[in-house]
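Here the structure comes first, spelled out in structure tokens, and everything after it is commentary.
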Amino acid sequence: MTEKNDNVRVRFAPSPTGALHIGGGHTALFNWLWARHNNGRFILRIEDTDLVRSTKEYESTIMSGMVWLGLDWDEGPDIGGSCGPYRQSERLDIYRDYANRLVNDGKAYRDGEAIIFRVEPGQDISFRDIVYGQIDVMSDGLREKDSDKLKDIVIIKSDGMPTYNYAVVIDDHLMRITHVIRGEDHISNTPKQILLYRALGWDVPEFAHLPMILGRDKKKLSKRHGATSIYEYRDMGYMPDSMFNFLALLGWSAGDDREIFTRDEAAEWFELSRVTRKAAVFDFDKLNYINQEHLKALDPEVRLSMVRPFWVEAGLPVEEVEKSRGVKYLEDSLTLMAGRGRTAKEMSEFSDYFVSFEPVKSRWNAEGLDKDKLREFFAAVFASTEWKAPELEAIAREWIGQHEGAKMKDYAMPLRFALTGMKVSPGIFEVAELMGREECRKRLEFYGLL
Ligand code: GLU
């Protein structure tokens, strides 16, 4: 365990030019983990200098995506803070002032409206990345390959907007960022940023670049691999707790085989030094497994709140059932379902029969059954004084025992179909108990089995 450091200040700096994607959510999450682990501060900064592509809508989608994942920030454009403003478009004067300073110091020059930072050759701009280790770079590496001319760095473009590599340095310094945690695609930008820190006479923060996320085919994760926006996962019925858990495991592990954890546990255990540089593979089976485990562990009322919207979406009379049978009935139904269904959506599909008989009817028509025999059997079961699973099962077994050649499955299956319309369900006598005698009677009578 490394020492905790409550001076830690980290930031997530998205450009609001699209929704919150897996990569962005992953970066935000690792920053959040490091801040919370250290009781430090997590800052949200909006890098909206691309005025054409940036929108306020994307900014708020990104924020609500973070909220959905459970990543709260301590300073940001919406809540302010001591180092604001937190939108780059509102900091243009600051960028201009420091650029003028660099010009006055002879470290930058004007080229028309643009301001360009001079890269002096022969400087060692190597750095040690917390994740990737030593990265050796000479400023000559920033020379143009095909000529001897140095590749100086544009810091203010001719339209007056700062470039990314420049604004990020000004902001990370003024916002007192201690650790820059971001995707590995920014490793190549880091030496340029180090040159700017030095020219401005500022300390360089620590850098921790996060591994790339790949699809199962080992190619960079993209739309081809399926959903890439965080919201698409919400809409498929993945829970924020699971998504958080899953993203945390991309490039980091708790050090043993602890795979299912809460946000607080992850924050407690998180170490930047345990982040691996090996590209992380986005594995849907793992996500499904994690989601299933979280669904299983939920409090009944939370589980219901996860599944309920999908029942409603499927047109099931949820409100009616809540009124007539009570919320507890639905909670109990899902408790019985726990461990079935990898997503809340799947769970809603596997359990629709608790909410309504209609989907059952559409799935099963009781064709080809010997209804006389079944009627005898169900009459015996319904004679039970207690409507409890163990009693019902005992009566069923007794009846089977008394009838030559009768097999439990030949009777339990029609019962399962009549109640659920499905081949697979939780223990059918438990389902029957929970549904209640009257509902079961109704369903079996409909099929002529009682
Ligand atoms: N706006 C940059 C991005 O979204 C931020 C990179 C950084 O964290 O420095 O890639």
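We count ligands from 1, going down the list as the structure has it; atoms in each ligand are counted the same way. All residue numbers in this chain count up from 1 along the given sequence.
Looking only at side-chain heavy atoms (C-beta outward), Thr178 and Arg11 stay at 4.5 Å or farther from each other. When side chains are defined from C-beta on, Ile156 does not count as touching Thr163, because their heavy atoms never get closer than 4.5 Å. Contact check for Leu434 versus Ser333: side-chain heavy atoms found under the 4.5 Å cut-off.
Residue-ligand proximity: Phe12 is placed with every non-hydrogen atom at 4.0 Å or more from ligand 1.
Less than 4.0 angstrom separates some heavy atom of Arg182 from each of these atoms of ligand 1: 7 (C), 8 (O), 9 (O). Interface of Glu47 with ligand 1, defined as ligand atoms under 4.0 Å from a residue heavy atom, comprises 1 (N), 2 (C), 5 (C). Near Val168, the atoms of ligand 1 lying under 4.0 angstrom from a non-hydrogen atom of the residue are 9 (O).
At under 3.5 Å, a nitrogen or oxygen of Ala13, whether backbone or side chain, sits near a nitrogen or oxygen of ligand 1.
Taking CZ of Phe310 as the reference point, atom CG of Leu316 lies at 13.0 Å (rounded to 0.5 Å).
Summary of contacts: the protein heavy atom closest to atom 10 (O) of ligand 1 is His186 NE2, 2.9 Å. Nearest to atom 9 (O) of ligand 1 among the protein's heavy atoms is Tyr164 OH, 2.6 Å. The protein non-hydrogen atom at the shortest distance from atom 8 (O) of ligand 1 is Arg11 NH1, 2.7 Å.
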Determine whether Asp352 and Arg363 satisfy the following criterion, side chain to side chain contact (heavy atoms under 4.5 Å, CB included), listing intermediate values before the conclusion. CA-CA 12 Å; Asp352 59 1; Arg363 287 193 287 261; 2.8 Å; yes

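A donor atom on one side chain and an acceptor atom on the other are not found under 3.5 Å apart for Tyr164 and Glu47.
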